[in-house]
Amino acid sequence: MIKKVLQRFLNGFCYSIAITMIIHLLVMYLNGGTLMLPEFVAHFDNELKAYMTELILIGIMSGITSGGTVVFETKRIGLVLQSILFLCIMLSAWVPVACYVWGFHKYTASMVSTIISIVVTYGFCFFLQLRHCRAEINDINARLRERRNG
């Protein structure tokens with residue numbers, strides 16, 4: 001289980017950093033400026049350190065979210081409890097990063113975009129797990145039908 005969490009953490013970490021860098025490059029190309037808040041950049045000596053810190057924090061946030069998906073593989077608890085636990089894991093990573101890096105608690109646009117990101121990410125993971133649970137239930141029902149008929 002720990003190996004699976006670490007593997008998912010590393011995958012989420014790497015993918016999110018790559019995606020964030022691509023988005024930043026596109027915005028910098030189109031907009032001519034950076035996406036970082038001046039309040040966040042003020043904590044560092046230069047913009048590069050701020051940018052690297054932002055990438056690492058986003059990577060950690062996404063890594064925790066990815067690693068947290070192993071909760072859905074715990075068979076002893078139901079889908080509702082799995083979903084609640086995953087949401088708590090996800091929020092424990094997203095909210096501090098959103099507050100520190102994007103000013104979640106100060107700016108409406110940051111709050112809206114963060115909430116949309118959380119809902120989309122959570123919804124995607126929940127939908128995948130729901131499909132998986134339904135497939136398992138259908139498989140169990142098919143086996144039960146075979147036993148009754150055979």
Side-chain angles (χ1 to χ4, degrees), residues 1-140:
M1 177 78 84
I2 291 175
K3 183 179 176 183
K4 208 178 265 192
V5 170
L6 289 175
Q7 184 179 20
R8 289 182 187 183
F9 178 89
L10 288 174
N11 284 337
F13 183 87
C14 293
Y15 289 137
S16 67
I17 287 177
I19 291 167
T20 301
M21 289 175 73
I22 291 168
I23 291 170
H24 274 245
L25 288 172
L26 285 172
V27 168
M28 287 170 55
Y29 176 76
L30 297 172
N31 193 23
T34 179
L35 290 173
M36 294 184 293
L37 292 176
E39 293 96 338
F40 176 70
V41 176
H43 294 288
F44 303 92
D45 298 342
N46 59 47
E47 266 192 44
L48 181 60
K49 287 182 182 178
Y51 182 65
M52 297 303 293
T53 302
E54 179 181 27
L55 285 177
I56 290 168
L57 289 173
I58 289 170
I60 291 170
M61 176 185 77
S62 296
I64 290 171
T65 300
S66 297
T69 59
V70 298
V71 167
F72 288 118
E73 295 177 14
T74 307
K75 301 293 181 191
R76 287 180 249 134
I77 57 177
L79 181 60
V80 173
L81 188 54
Q82 290 172 343
S83 301
I84 292 169
L85 286 173
F86 177 70
L87 182 63
C88 291
I89 291 167
M90 194 172 139
L91 290 177
S92 72
W94 284 61
V95 171
V97 172
C99 287
Y100 182 60
V101 176
W102 303 308
F104 174 77
H105 57 295
K106 290 182 183 177
Y107 302 105
T108 305
S110 174
M111 186 180 299
V112 169
S113 67
T114 301
I115 290 171
I116 289 171
S117 295
I118 289 170
V119 168
V120 167
T121 302
Y122 179 79
F124 179 73
C125 291
F126 181 80
F127 173 74
L128 289 178
Q129 186 58 27
L130 184 62
R131 274 187 38 200
H132 178 72
C133 284
R134 284 183 178 165
E136 283 184 347
I137 289 169
N138 290 338
D139 184 45
I140 291 168

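If you're wondering where the values come from, they're calculated on a predicted model, not measured in any experiment. Start at 1 with the first residue, then count along the sequence.
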For this session: May I have the step-by-step check of side chain to side chain contact (heavy atoms under 4.5 Å, CB included) for Thr20 and Leu55, ending in yes or no?
Result: CA-CA 7 Å; Thr20 301; Leu55 285 177; 3.7 Å; yes
Problem set entry | Steps toward side chain to side chain contact (heavy atoms under 4.5 Å, CB included) verdict (Thr74, Leu85) | CA-CA 11 Å; Thr74 307; Leu85 286 173; over 6 Å; no
Problem set entry | Pair Leu87-Phe126, side chain to side chain contact (heavy atoms under 4.5 Å, CB included): steps then yes or no | CA-CA 10 Å; Leu87 182 63; Phe126 181 80; over 6 Å; no
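Residues Ala50 and Phe40 come closest through the heavy atom pair O-CE2, 3.2 Å. The two atoms that bring Ser62 and Gly12 nearest to each other are CB-O, 3.6 Å, heavy atoms only. The heavy-atom pair separating Lys106 from Glu39 by the smallest distance is NZ-CG, 4.3 Å. Nearest approach of Phe13 to Gly59, heavy atoms of both residues: CD1-C, 3.1 Å. The minimum heavy-atom distance between Phe9 and Gly63, with the atom names listed, is CD1-C, 3.1 Å. For the residue pair Ile89 and Gly68, the shortest heavy atom distance occurs at CG2-CA, 4.1 Å.
Distance SG/Cys99 to CH2/Trp94: 13.5 Å, rounded to 0.5 Å. Between atom OG1 of residue Thr69 and atom CD of residue Gln82 there is a gap of 11.0 Å, rounded to the nearest 0.5 Å. Atom OH in Tyr122 sits 8.0 Å away from atom CZ in Phe86 (nearest 0.5 Å). The distance from atom CD1 of Ile17 to atom CD1 of Ile56, rounded to the nearest 0.5 Å, is 7.0 Å. If you take CD1 on Ile137 and NE2 on His132, they are separated by 10.5 Å, rounding to the nearest 0.5 Å. To the nearest 0.5 Å, atoms CG (Leu30) and CG (Leu25) are separated by 10.5 Å.
Considering only residues two or more places apart in sequence or on other chains, His24 meets the ring-ring contact (aromatic ring centres under 6.0 Å, His included) condition with Tyr51. With sequence neighbours left out, Thr114 forms a side chain to side chain donor-acceptor pair (under 3.5 Å) with no residue at all. Applying the side chain to side chain donor-acceptor pair (under 3.5 Å) test to Asp45 and every residue at least two apart in sequence or in another chain returns Lys49.
A distance-only check finds no donor-acceptor pair linking the side chain of Thr121 to the backbone of Ile118 [under 3.5 Å]. With hydrogens and angles disregarded, no donor-acceptor distance shorter than 3.5 Å links the side chain of Glu54 to the backbone of Val101.
Heavy-atom contacts from other residues, nucleotides or ligands closer than 6.0 Å to OH of Tyr107 number more than 12. The environment of Ile2 atom CD1 is sparse: at most 12 non-hydrogen atoms of other residues, nucleotides or ligands sit within 6.0 angstrom.
Under the 30°/60° scheme for interplanar angles, the aromatic rings of Tyr100 and His43 are found to be tilted.
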